[in-house]
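Quick notes on the structure that follows.
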Protein chains: 2
Amino acid sequence: MGSAAPGDTADRWLDRAHERFAAEGLRMGAARATALGVIARDAICPVCVQDLVRAVRRQGGAGSQASVYRVVEQAHRLGLLRRELGPDGGVRYEIVLPDEGHHHLVDDDSGETVPFVDDDLERALRQAARRLGVRMTSHDVRIRGVRP
Amino acid sequence: MGSAAPGDTADRWLDRAHERFAAEGLRMGAARATALGVIARDAICPVCVQDLVRAVRRQGGAGSQASVYRVVEQAHRLGLLRRELGPDGGVRYEIVLPDEGHHHLVDDDSGETVPFVDDDLERALRQAARRLGVRMTSHDVRIRGVRP
DNA sequence: TTAGATGCAAAGCTTTTGCAGGATA
DNA sequence: TATCCTGCAAAAGCTTTGCATCTAA
């Protein structure tokens, strides 16, 4: 017990996304529902919008390029997606969960990103925020390094 | 004393840029020199490439859109420029100096990014890297928050 | 019923590229 | 002089938008 079930992250995000969209008074049409489902599944690691568009197309049902871009932008505005730059300079989106306490380790050789948890680092971030006089809403920590 | 003179950052960066380009065996033509000068002056805060292109044009001399994009990409590859996302989702570049040990605070309300230095946080990052078994080559820390 | 969602296709931007001619080391 | 750099213009992506048509609530 204590460890998350497979797909748990995706499911939790999808639930929260539906809640947030509803709370904003936005309707849930077929295209929007499909896009959110694909995002929940594929944007656990950063993805570009074009990949999401292709995934939606592969899915066969509703969802056009325009819809996907619109949903991604709305989800980002609602704080459901984080926008960042990929190694190639292109824009990537990644799902955000409210209780995230993890950081990223980027392998300089492979370019691969792996998440990790570090309580000391977490504490240092909180203290730094306090010293700066702000209430921290989220953080993005990326350590780049090479394996010896 | 101890504080930097005006234009000092730009000058130091420009010197270093010329050194690095020379060290790579790259030649210094008119367009490249102009672009580097404009970058040193304008990319102290994040700017988009199109702004640099316009600045180069205003300057009147050598330098085309293609040159500017090429110089920016080379400077980024040489570690002279940092690439990041602006609040509007567009790509921005900012000059990098070797002795930077700073982090970023992003104001959730305004989207504004301000740099800060925190030795404790710096230490926590080093220790986290050690625990992960990697040699840290650089880091990117972004604390998002709101002023109470 | 009605404001909002969707798809299509075109427009708008940013960024990259091919090539002929010019300049640097 | 042999490379390398430049500029032009076109191409290639990515993202946004207008609008007519549907549809969720």
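Quick note on labels: first sequence line is chain A, next is B, and so on, each numbered from 1.
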* Asked: Per the atom types in the model, does the base of dA3(C) pair as donor or acceptor with the side chain of R27(A) at under 3.5 Å?
  -> yes
* To do: Nearest whole angstrom, please: distance from the C1' of dT14(C) to the CG of L85(B).
  => 14 Å
* Asked: Picking from dG7(D), dG7(C), dC14(D), which would you name as closest to the side chain of Q50(A)?
  -> dC14(D)
* Whole angstrom is fine here: how far is it from OH in Y69(B) over to P in dG13(D)? => 16 Å
* **Touch class at under 4.0 angstrom, heavy-atom based, for G63(A) against every strand present** => sugar-phosphate
* Asked: Crowded around R147(B) CZ? As in, over 12 foreign heavy atoms under 6.0 Å?
  -> no
* Asked: So does D8(A) pair up with R12(A), basic N to acidic O under 4.0 Å?
  -> yes
* To do: State, without any angle test, whether Q74(A) and Y69(A) hold a side-chain donor-acceptor pair at a distance under 3.5 Å.
  => no
* L26(B) vs C48(B), nearer the 5' end of DNA chain C by closest nucleotide -> C48(B)
* With a 4.0 Å cut-off on heavy atoms, is G90(A) in touch with a base, just the backbone sugar-phosphate, or nothing at all? -> nothing
* Asked: Could you give the CG-to-C1' distance, from L52(B) to dT15(C), as a whole number of Å?
  -> 14 Å
* To do: Just compare dA25(C), dT6(D), dT15(C) and give me whichever is closest to any side-chain atom of R32(B).
  => dT6(D)
* Asked: Atom CZ of R77(A) and atom P of dT15(D): how far apart are they, to the nearest Å?
  -> 17 Å
* Asked: With a non-hydrogen cut-off below 4.0 angstrom, is Q65(A) in contact with a base, only sugar-phosphate, or nothing?
  -> base
* Asked: Is there a path of hydrophobic side-chain contacts, each under 4.5 Å between heavy atoms of I, L, V, M, F, W or Y residues, that connects F116(B) with V134(A)?
  -> yes
* Distance, rounded to the nearest Å, where H18(A) contributes NE2 and dA5(C) contributes P -> 14 Å
* **d(CD, Q74(B); P, dT15(C)) in whole Å** => 16 Å
* Counting side-chain heavy atoms from CB outward, which of dA9(C), dA25(D), dT6(D) is closest to A66(A)? -> dA9(C)
* Nucleotide dT24(C), atom P - distance to CZ of F21(B) in whole Å -> 16 Å
* Please determine, by modelled atom types, if E84(B) and H104(B) share a side-chain donor-acceptor pair under 3.5 angstrom. => no
* Of A62(B) and D88(B), whose nearest nucleotide on DNA chain D comes first from the 5' end? -> A62(B)
* **Separation of atom CZ in R70(B) from atom P in dT16(C), rounded to whole Å** => 11 Å
* Can you check whether S67(A) has a side-chain N or O nearer than 4.0 Å to OP1 or OP2 of dT6(C)? -> no
* **Selection from dG7(C), dA25(D), dG18(C) that lies nearest to any side-chain heavy atom of M28(A)** => dA25(D)
* To do: Output the single nucleotide from dG7(D), dG7(C), dC5(D) whose closest atom is nearest the side chain of S64(B).
  => dG7(D)
